Amino acid sequence: MQPTQLIKVALPIPLKQTFDYQLSEKELEKATLGARVKVPFGNRQLIGLIVELSPRPSIDITRIKPIIELIDESPVMPEHLILLLRWASKYYQASLGEALFSALPPPFRHGKALKQEKYRKWQLNTPDVTAENLNVHLSQIRKNAEKQKELLTTLSQSSDGIYEQSLRSMGFKLQQLKTLKQKKLITDNNVIPEIEAYKRRDSDDSDQLLLNDEQKQAVQSAISGEHCFQAYLLKGITGSGKTEVYLEIIEHFLVQGYQALVLVPEINLTPQTLLRFQARLPDAKLVVHHSGMNNSERLEAWHFCQTHRASVLIGTRSAVFYPFKKLGCIIIDEEHDTSYKQQDGFRYHARDIAVKRAKEHNCPVILGSATPSLESYINAREKKYKLLTLNERPGSIQLPQVELIDIQTRPLQAGLARPTIKSIESHLKNGHQVLVFLNRRGFAPTLTCTECGWIAKCNHCDARLTYHNKGHVLRCHHCNYQTSAPNHCQDCHQSTLKLLGQGTQQTEAFLEQTYPDTPLFRIDRDSVSGKHQMETLYHQILAEDAALLVGTQMLAKGHHFPKVTLVVVVAADDGLFSADFRAEEKFSQLLIQVSGRAGRAQQPGQVIIQTRHSHHAILQAISRLDYDHIATTLAHERELMTLPPFSAITNIRGEGKNESDTFTLLQNIAEKITTGLDTKQQRLVGGGSISGPLPSLLPRKADRYRFYLTLKTPTKPQMQKWLSSIQTILADFTPNPQIRISLDIDPVEIG
DNA sequence: TCATGTTAGGCG
DNA sequence: GCCTAACATGAC
Ligand SMILES: [Zn+2]
Ligand SMILES: [Zn+2]
């Protein structure tokens, strides 16, 4: 047996290793890296991906089985992506196969063949059939087969054939094509379309003029290093025109025949965003990737990028693993957004992957935010990233004026202070819109007993049940537990039940009552579920003048409402104090972002933040919209406590049905890791430390108890060394299959 | 003795 | 992850 007939295959199972298989002579000719194979594995059959050709066998050659089938003759994933995912799976301690298959569009996981019909082109069977002798052949067709004649005539008018898709959209049927093929009048073949060269718009000069000096400078800087790697942090307050900078940079690369990858948080991927991109780049083929897409849409988007039929991809987290033929630049909008970190399975951080990817492609990567993550902030400070700053708001638009209103002592009416109400009133009177943010709890009221203090809790989680008007039910949003709401207290059996968190309900009712003629829109997940509903609502709001918009802070992130001049944050303090060391950073980012919603148009905006801690340094800085101060202060604190980005951490999570078993298992793991940390290793990992086990933020979820250990090293490379040395310890540690152990490298959330 | 439950190891 | 061989337990 020739060693050249072997391949290494990655399989979609949680094992880090790859497996060897052999190919037949015939398969060997067609096999390529990144093609799928169906293989025998134990007593089942799996779809795998070829990740190495003619490798050195890693087991005795006689034990290597032949594959069952070679599915693809051309790769479904290019080599550079395989390499990127190989690196990522190693960094995040995940299985290569699982990482590869989670990046691929779902239909590829099931061995579905590549659909080539999309690119099937039909033409006259030249030289036998030509436009000149067409009449001879037409007369051979049955008299009543008008469609066939029409089809033949249509094809004769095209010099290089017509795609089957176009023919079908003209009303021709597959059967007609087949009949003509049988008569040897026409032929078909697969032709991947040529890329159409991108044409710069005629008005390109005027676009440059529309940019202010800062923007021009940012663009210039980002494209100066053209085809070498450089990360840029584009720091610009809301409304400073980051998007224009992105678009200008993208166009620069499109003109040169390159593709661009744009990552956005799910919530920001709205039709308005897409329209804006398409309007600025009218000749560019733009494709989208998000979680709401179906299989065929995903497949098509993947294909378009892989074949360079699309030049711009705008997508959420997983778009970072799309294939590109000629990637010119990567943009990450709202780079601080924690939704870039995958929270289960293959726990990668799309922002970090994007930077790595840019390095591999020798291209620039632009991280944009009004409120950068401390990680990127420090990278810029240490000159690892180039800092590009936008301070001005173009068109002399003023910054919103932010006011803190202390509600610790002030009398409140339905949660609103007097001055707040006055402001709302005056903005409405001027025909402007007011955005009122309530905290999450207000939209998830809990049932409680006023007599004994009993609170309706989930039987399966350490969480309160939330009341839903629809169906009069209590629901847990950590598991799928649901029960009809009781009329009596489960503890003292009195009928003294009340909905807590109703303060916000009161706020809404109060606003409705006080301004009966002003339309009030409620924007929350209960009343606005699908993306489509949100769009309808958005356009309704655009059509109104004075209006009240009531919603959670999160939901306001995506859309920009141009008529809003006042933003009210009813109870800001939620999330300021938490066990999570990133709480303050996230809190500031959210509030500053939310403040940016006020008055982007002609009107200067006003922001009112109601708080019980108006003297807190962070809130003071927020009121000055001084994120630099916050970032500097927080960075200093993190440095003192050697927390990221001044160290690297990894969480080892454990979850199991038995509380003490789960705890003990983690304790044993910690012990074993500590014993393994001899002096030699200590030096290797720069004095790594381990702490815990601690209960997770949600200690019990769906009847499983959750704890975590935290590993800490001074740097990420040291963490990588440590992790690879303890992975054997971890692998051996499965004395209890009821307890699941998982690793979270560079976590952004605890629990 | 059979029948069922539990666990470590291999899968190429 | 899942399958199975090997071993353990237990009822008759
Ligand atoms: Zn629950
Ligand atoms: Zn009670």
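Remember, it's a predicted structure, so these values are computed and weren't measured experimentally. Proteins come first, then strands; the chains are lettered A, B, ... in the order of their sequence lines, and each starts at number 1.
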Qualifying residues under side chain to side chain donor-acceptor pair (under 3.5 Å), relative to [X], sequence neighbours excluded:
X	value
E360(A)	K356(A)
Q259(A)	none
S376(A)	E335(A), S373(A)

Walk along DNA chain C from 5' to 3' and tell me the first and last nucleotide with an atom closer than 4.0 Å to a non-hydrogen atom of chain A.
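Both ends considered, the range comes out as dG1(C) to dT4(C).
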
Tell me, which of residues 86-98 of chain A have any heavy atom that sits under 4.0 Å from an atom in DNA chain C?
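Within residues 86-98 of chain A, no residue comes under 4.0 Å of DNA chain C.
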
Among pairs that include at least one residue of residues 8-66 of chain A, which meet ring-ring contact (aromatic ring centres under 6.0 Å, His included), considering only residues two or more places apart or in two chains?
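Listed by first then second residue: F19(A)-F41(A).
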
Is there any ring-ring contact (aromatic ring centres under 6.0 Å, His included) pair reaching into residues 60-101 of chain A, and which pairs are they, with sequence neighbours excluded?
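As it turns out, the ring-ring contact (aromatic ring centres under 6.0 Å, His included) pairs with a partner in residues 60-101 of chain A, which skip direct neighbours, are H80(A)-H361(A), W87(A)-Y91(A).
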
Crowding at NZ, K90(A) (>12 non-hydrogen neighbours, <6.0 Å)
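Open: at most 12 neighbouring heavy atoms sit under 6.0 Å from NZ of K90(A).
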
Could I get the full list of salt bridge (charged side-chain N to carboxylate O under 4.0 Å, His left out) partners for [X], not counting sequence neighbours?
X	value
E73(A)	K30(A)
E52(A)	none
E585(A)	R638(A)

Report, one line per pair, each donor and acceptor closer than 3.5 Å where one atom sits in a side chain of residues 709-716 of chain A; sequence neighbours left out.
from: T710(A); atom 1: OG1; to: N651(A); atom 2: OD1; distance (Å): 3.0
from: K712(A); atom 1: NZ; to: M641(A); atom 2: O; distance (Å): 3.4
from: K712(A); atom 1: NZ; to: T642(A); atom 2: O; distance (Å): 3.0
from: K712(A); atom 1: NZ; to: T642(A); atom 2: OG1; distance (Å): 3.1
from: T713(A); atom 1: OG1; to: T715(A); atom 2: O; distance (Å): 2.8
from: T713(A); atom 1: OG1; to: M719(A); atom 2: N; distance (Å): 3.3
from: T715(A); atom 1: OG1; to: Q718(A); atom 2: N; distance (Å): 3.3
from: T715(A); atom 1: OG1; to: Q718(A); atom 2: OE1; distance (Å): 3.0

Look for any protein N or O under 3.5 Å of an N or O in nucleotides 10-12 of chain B and output each such pair with its distance, or none.
from: dC11(B); atom 1: OP1; to: R63(A); atom 2: NH2; distance (Å): 2.9
from: dC11(B); atom 1: OP2; to: R63(A); atom 2: NH2; distance (Å): 3.0
from: dC11(B); atom 1: O3'; to: G42(A); atom 2: N; distance (Å): 3.4
from: dG12(B); atom 1: OP1; to: G42(A); atom 2: N; distance (Å): 3.2
from: dG12(B); atom 1: OP1; to: K65(A); atom 2: NZ; distance (Å): 2.4
from: dG12(B); atom 1: O3'; to: D20(A); atom 2: O; distance (Å): 2.4
from: dG12(B); atom 1: O3'; to: K65(A); atom 2: N; distance (Å): 3.2
from: dG12(B); atom 1: N2; to: T18(A); atom 2: O; distance (Å): 3.0
from: dG12(B); atom 1: N2; to: S58(A); atom 2: OG; distance (Å): 2.9
from: dG12(B); atom 1: N3; to: D20(A); atom 2: N; distance (Å): 3.4

